[in-house]
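Presented below is the structure to which this report refers.
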2 protein chains.
Amino acid sequence: LASKTTILLWGLCASLGASVDIFKEYSFTTRVDHFAYHDERTYEMRYFVCDMYWKTGGGPVFFYTGSKDSFEDLITKTGVVQEWAPDFNALVVFAEHRFYGDSLPFGKSAFQSPAKLGYLTTEQALADYADLVLYLRRTLPGAERCPFVAFGGGYGGILAALLRIKYPHLIEAALSSSAPMRVFAGLTPCSAYLRAVTEAFERESAACAAAIRQSWALLESTASTNRGLRDLQKTFNLCQNIDRSRYSILRDWIHMAYETLARDNYADPSLSGSSLPPYPVKEACSLLTPSDSNGTAPLELVAGVTNLCYNFAGKLRCNDILNIPTSSYSMGFQKCTELVHPVCSDGVADMFYPSVWDQAQETEKCRKTYGVRSDITKGYLFFGGGNLPSASKVIFSNGDRDPWNVYGIKDPPSDETVVLVIEGAAHHEDLRFSSPNDSDALRTARSVAKNYIRQWIAETSNTSDTQPEIPEISQNSTSSRIESGPKYVLALLSAMALTALR
Amino acid sequence: LASKTTILLWGLCASLGASVDIFKEYSFTTRVDHFAYHDERTYEMRYFVCDMYWKTGGGPVFFYTGSKDSFEDLITKTGVVQEWAPDFNALVVFAEHRFYGDSLPFGKSAFQSPAKLGYLTTEQALADYADLVLYLRRTLPGAERCPFVAFGGGYGGILAALLRIKYPHLIEAALSSSAPMRVFAGLTPCSAYLRAVTEAFERESAACAAAIRQSWALLESTASTNRGLRDLQKTFNLCQNIDRSRYSILRDWIHMAYETLARDNYADPSLSGSSLPPYPVKEACSLLTPSDSNGTAPLELVAGVTNLCYNFAGKLRCNDILNIPTSSYSMGFQKCTELVHPVCSDGVADMFYPSVWDQAQETEKCRKTYGVRSDITKGYLFFGGGNLPSASKVIFSNGDRDPWNVYGIKDPPSDETVVLVIEGAAHHEDLRFSSPNDSDALRTARSVAKNYIRQWIAETSNTSDTQPEIPEISQNSTSSRIESGPKYVLALLSAMALTALR
C-alpha cells in the first residue's frame, strides 16, 4: 500500500508538474580569494531568496549552504527548509557553492587551470557564505539581529556545521544532515563505505549482492577482447567505442550506479526531484535476480541497473560515460585536494572487486588530472579530524540506511549538540519534503530537530541585546538582482501540501 | 619604597645580564598560502622550544602565538609562560609570526611587493600555528594527546583567542592578554584610545597633559619656516634634514612616543627587556613639567620625552625617523588591510591635536603605501566584531591603566570564558615575569588565570579518551632543527628567580 501511495504521489508531481515560483535569484559579488590582500578579483555567486513566509525582523533566516549541486538541483532535495519556513516566519536563503552550478569564478575557464580551480576550498566557500550572511545582516531590513540557522546535507552538511563552528558570531545554529565529518584518512576504515553499500543490497537479498559480486569477473573477462569490448558498448548502450584503456571508466561508472542507488534509496525519490523509481535498490535487485531470467546474460541484467540509475526516465539516447559534468570535475578536485576519502574493497565482505587504497598512487593520479597535490592533513588541520569539541547548537543527523552514515558523527561532541540516527532513512532524507509515507523515525527526527532549532532561536533572541550593532560602513562586496530582471526558479511543493491542495 | 626596590631589581637585571639558554630554535616548513591548492610555495617559520620543565606526555604544551615582535623581543615580555612551566610540567613553544622577526616568506623581498606581503593575514598566521600544533602533536613523543594552551598578548592575544575559537580540536584553552578585540570600525569610538593615552598622563598631573597639548601648536609654528625646521632637527637630534614634507613624520614620531610610554608604563620595564626607566609616564611628566625649567624651551622638554622613549639607554647617535623597521612596515600593512583601527582626537578631551578619521583618505593612503585595499568588514566577518558567542576556555585579561584596554573584551562572551580587568596594570603586564613589586591585583589576576588553566587542563585530560588518534600519514609540512646546529637564545630569568638566586 505504501508503495502504491508513493507511486501515486510521484505520479502527481510528475504529471501535474506542480511548482511554485517562490525563490528569486540574486547575484552577490565576493572575493575569489578571501585570504590574500593583493588579490582583489571578485566573482558573482548566485543566491536565492524566498521571502513569502518571512515576518520581517520577527523570524529567523534559514541559510542553506550549497554544496556540489546547482541551486536548481538542490532546491528539490531540501524541501524541509521550505516546509518549516511558514511555522518559523522564516526567510529562506539558498547560497550556491563556488565552482558549482552557475557560481563560477572565471566562468567555464575555471576548469582548465589549477591556478583557477585552486580557489575551490572549503575555507573559501565558508568565507563566501559568511560574507553573504554579513551582507544580508547589514542590508536587509530586519535581518541585522535575526538568528541565522544554517542547513546543509552531505558535504553541505559539513559546511553548515563548520559555518556555525567557525563563524559563530554570524550563524546561531545548524542542522548538519548526513555530513561525512569522519571521511578523512585514519578516522574510518577504508572498507567501511563499500561494505555499507553492499549491506543496502544484501538487505534486499543475499543473492542480489552475490550477483553483483560475480559480475565483475565477467565484466573483466569480457573486456579482455576487442569483440568483448564491442559487446559491452552495445550492452551498456554507450555513446562511444571503448577500448581497453577506457575499460576502467566503464567499470567505475557501473560501480557508481550501485553507490548512487544505495544513497538515494528513498521511498519517494521524486520528492527530491530524482527520476529514480521508489526504493531503487529493491528495483535493482529485482532486475538482477529475476524469478525467470529467460536466459538473459548476467551483464545484460547489470545494464538494466545502470539504465535504472542513469536513464530511468528514458531521456538519454545513449550513455556518454566520457562526458564528465563540471560538478563532478569540481568534486573530483575537492576529493583530490582536501576531501581525500580513502575507499577500499576486498570482494568478500563487500560485493565489489578487490581494490586497495594506495595514497601515493592516488596522489599521483590527482597530480596528473588536476595538477595539484592531495593534502591529507587537511582533515585534521581544519575539519577537526571528526573531533569538534566546541561545537554547539548543531544537530548532526544521519540515516542508518545511508552508506555515508559510516562517516557521520555518532556521539554528540558536546552538551550543546544533538545527534540523530534515523532508522531506515537514506541520505539526508530528513532534509527532503515530508510525505505521508515517512516512517515514524523520520517524522520524529524532523520533529526533534525542529524543536531544538526553535529552542536555540529563542535563546538567541533572549540575548540579542548584547549583540553589537553592525555599523553602516562601505564594503567590498555588493549584491544585486540579476540584471536581466527577476528570474524565478521552480520549486516542487511538498507532497503534503499537494495532498492538501487536492 | 616600591620604586626603590624596582630600581634595584632593574639594576640587577641590567648589571648581571642574567640570562639562561633555555630555548632551542627550530624551523618549520609550512605553506605560504594555506587556502589555495595550486600554490605550493612554502617558507621557513621559526619556533622555539623549552623542554627543561616538561614531563613528557604528562604535562601540557604552552603555545605562545607570536605577533609583531621577533622571538628575541617577545621572549622577554612573556615571562609568565616560563614561570608557570615548572608548576605545570609544561613544554613551552614560541611560534614566530609570518613576516615578522626572521620568519619571512620571500625573505627581505617580502617588503617590496604587495603580491608577497599580501599573504600577511590573520587567517594565514593562524593556519601556520595550527599546522605547527598538528605537526608537534604528530611527531613529538607524548604530545599527541596533550592539552595545548595558547598564550598571547596584544595582537598576539587576538591570535591566541582565535586559535582556540577557530581550531578547538587543536587548542584546549587560551590566555588572551590585552587583546584589542574591539579595535574595529564601529565598535569603539575613534576618540577612546587617545583619550586613554591622555588619561595616563593626566594621572601624573593635569599640567603634564596640558604641556603636551600646548606643544603641538608650537611644533607646528616652528615647522612653518626653514629655520624652524633646522631647529627641530637639532632639538630632536634627528639624523636627517627635515623639510616641510617630512614634518608629519616627525609629528607622528613624537605622537607615538606618548602612546608607547602610556602602554609600557610598568614599574619594572626591564622585566620585559625594555630600556625604559620605571614608570616612564611619571618620568616623562617630570621632564615636561620641571619644578625649575631654567628657561628651557618647551620643545626641548618634549625632546627630552622622545629621548626617554627612543634612546634612554643612550645607544643611538641620532634619531633616524625615516628608517622604518620591517616589523613596523608589516604592522602598517596589517593596519591598512584587516586591523583597521580608527583613531581620532580633538585636542580638548585629549592632549593631542584635532584629527578626524576619514576612512576614504586612509584607504587611499594605504593604497599608495602598500598597494592594497583596506577591508573594514573583516573585523565583523572574521573576528566577530567583538562578539565571540561560542568562545570557551578563554581568559581575556586587560590592565585598566593600558590605553589599549578600551578595545578589550569586558564582558565574558560565554559561561566558559573569564574576563580579568587588572587594576593598575599596563599592557599585557600579566604575561611578564612576576616581581616583588607586583600589585595585589596583578598577583591575584595571575593566580586566577593560572587556576582556570589548571582546571581546564584537568577537564581536557579527563575526556582525552574520546580524542581520535592522529594517524601516521605523510604530510606536507616538515620541521627541522636549523641546519647550522642548535642556536640558543637568551632569555631573562624572572626577577623572582633572580632574587632566589642571590
Side-chain angles (χ1 to χ4, degrees), chain A residues 33-40 113-121 123-124 127 130-131 134 164-170 172 185-187 333 337-338 359-360 371-373 375-377 380-382 384-392 411 463 466-471 473-477, chain B residues 33-40 113-121 123-124 127 130-131 134 164-170 172 185-187 333 337-338 359-360 371-373 375-377 380-382 384-392 411 463 466-471 473-477:
Chain A
D33 187 353
H34 293 275
F35 305 105
Y37 278 107
H38 55 282
D39 187 346
E40 299 186 351
S113 153
K116 293 175 177 171
L117 210 50
Y119 297 103
L120 173 50
T121 79
E123 293 99 325
Q124 300 279 6
D131 201 15
L134 186 62
R164 162 67 188 153
I165 293 168
K166 306 267 181 184
Y167 296 88
H169 49 288
L170 294 174
E172 277 78 10
L187 292 173
F333 178 87
T337 48
E338 59 194 21
Q359 186 58 54
V372 291
R373 182 168 59 172
D375 183 358
I376 53 175
T377 63
Y380 292 85
L381 183 64
F382 187 73
N387 181 23
L388 305 167
S390 74
S392 68
D411 297 305
T463 59
T466 63
Q467 287 177 27
E469 191 116 7
I470 301 174
I473 41 184
S474 68
Q475 49 112 42
N476 300 323
S477 305
Chain B
D33 187 353
H34 293 275
F35 305 105
Y37 278 107
H38 55 282
D39 187 346
E40 299 186 351
S113 153
K116 293 175 177 172
L117 210 50
Y119 297 103
L120 173 50
T121 79
E123 293 98 325
Q124 300 279 7
D131 201 15
L134 186 62
R164 162 68 188 152
I165 293 169
K166 306 267 181 185
Y167 295 88
H169 48 288
L170 294 173
E172 276 78 9
L187 292 174
F333 178 86
T337 49
E338 59 195 22
Q359 186 58 54
V372 291
R373 182 168 60 173
D375 183 357
I376 54 175
T377 63
Y380 291 84
L381 183 64
F382 188 72
N387 181 23
L388 305 167
S390 75
S392 68
D411 297 304
T463 59
T466 63
Q467 287 177 27
E469 191 115 9
I470 301 174
I473 41 184
S474 67
Q475 49 111 43
N476 299 323
S477 305

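Because the structure is a prediction, the values reported are computed rather than measured. Every chain is numbered from 1 and lettered A, B, ... according to where its sequence line falls, protein lines coming before strand lines.
Across Arg164(B) and Ser390(A), no two heavy atoms sit closer than the pair NH2-CB, 4.5 Å. Between Thr121(A) and Phe35(B), the closest heavy-atom pair is CG2-O, 3.5 Å. Heavy-atom minimum distance, Thr377(A) versus Leu134(B): O-CD2, 4.0 Å. Here the closest heavy-atom approach between residue Arg373(B) and residue Tyr37(A) is recorded as O-CD2, 4.4 Å.
Annotation: the span from Leu381(B) atom CG to His169(A) atom NE2 amounts to 6.5 Å, rounded to 0.5 Å.
In this structure, no portion of Leu388(B) lies under 4.5 Å from any heavy atom of chain A. For chain A, the nearby part of Asp33(B) is the side chain; its heavy atoms alone come within less than 4.5 Å. In this structure, chain A has no heavy atom under 4.5 Å from any part of Leu117(B).
Per-residue counts of heavy-atom pairs under 4.5 Å with chain A were compared for Thr337(B), Val372(B), Asp39(B); the largest is that of Thr337(B). Considering only heavy-atom pairs separated by less than 4.5 Å from chain B, the leading option among Pro114(A), Ala115(A), Ala36(A) is Ala115(A). Ranked by heavy-atom pairs under 4.5 Å with chain B, the list Gln124(A), Lys116(A), His34(A), Glu40(A) is led by Glu40(A).
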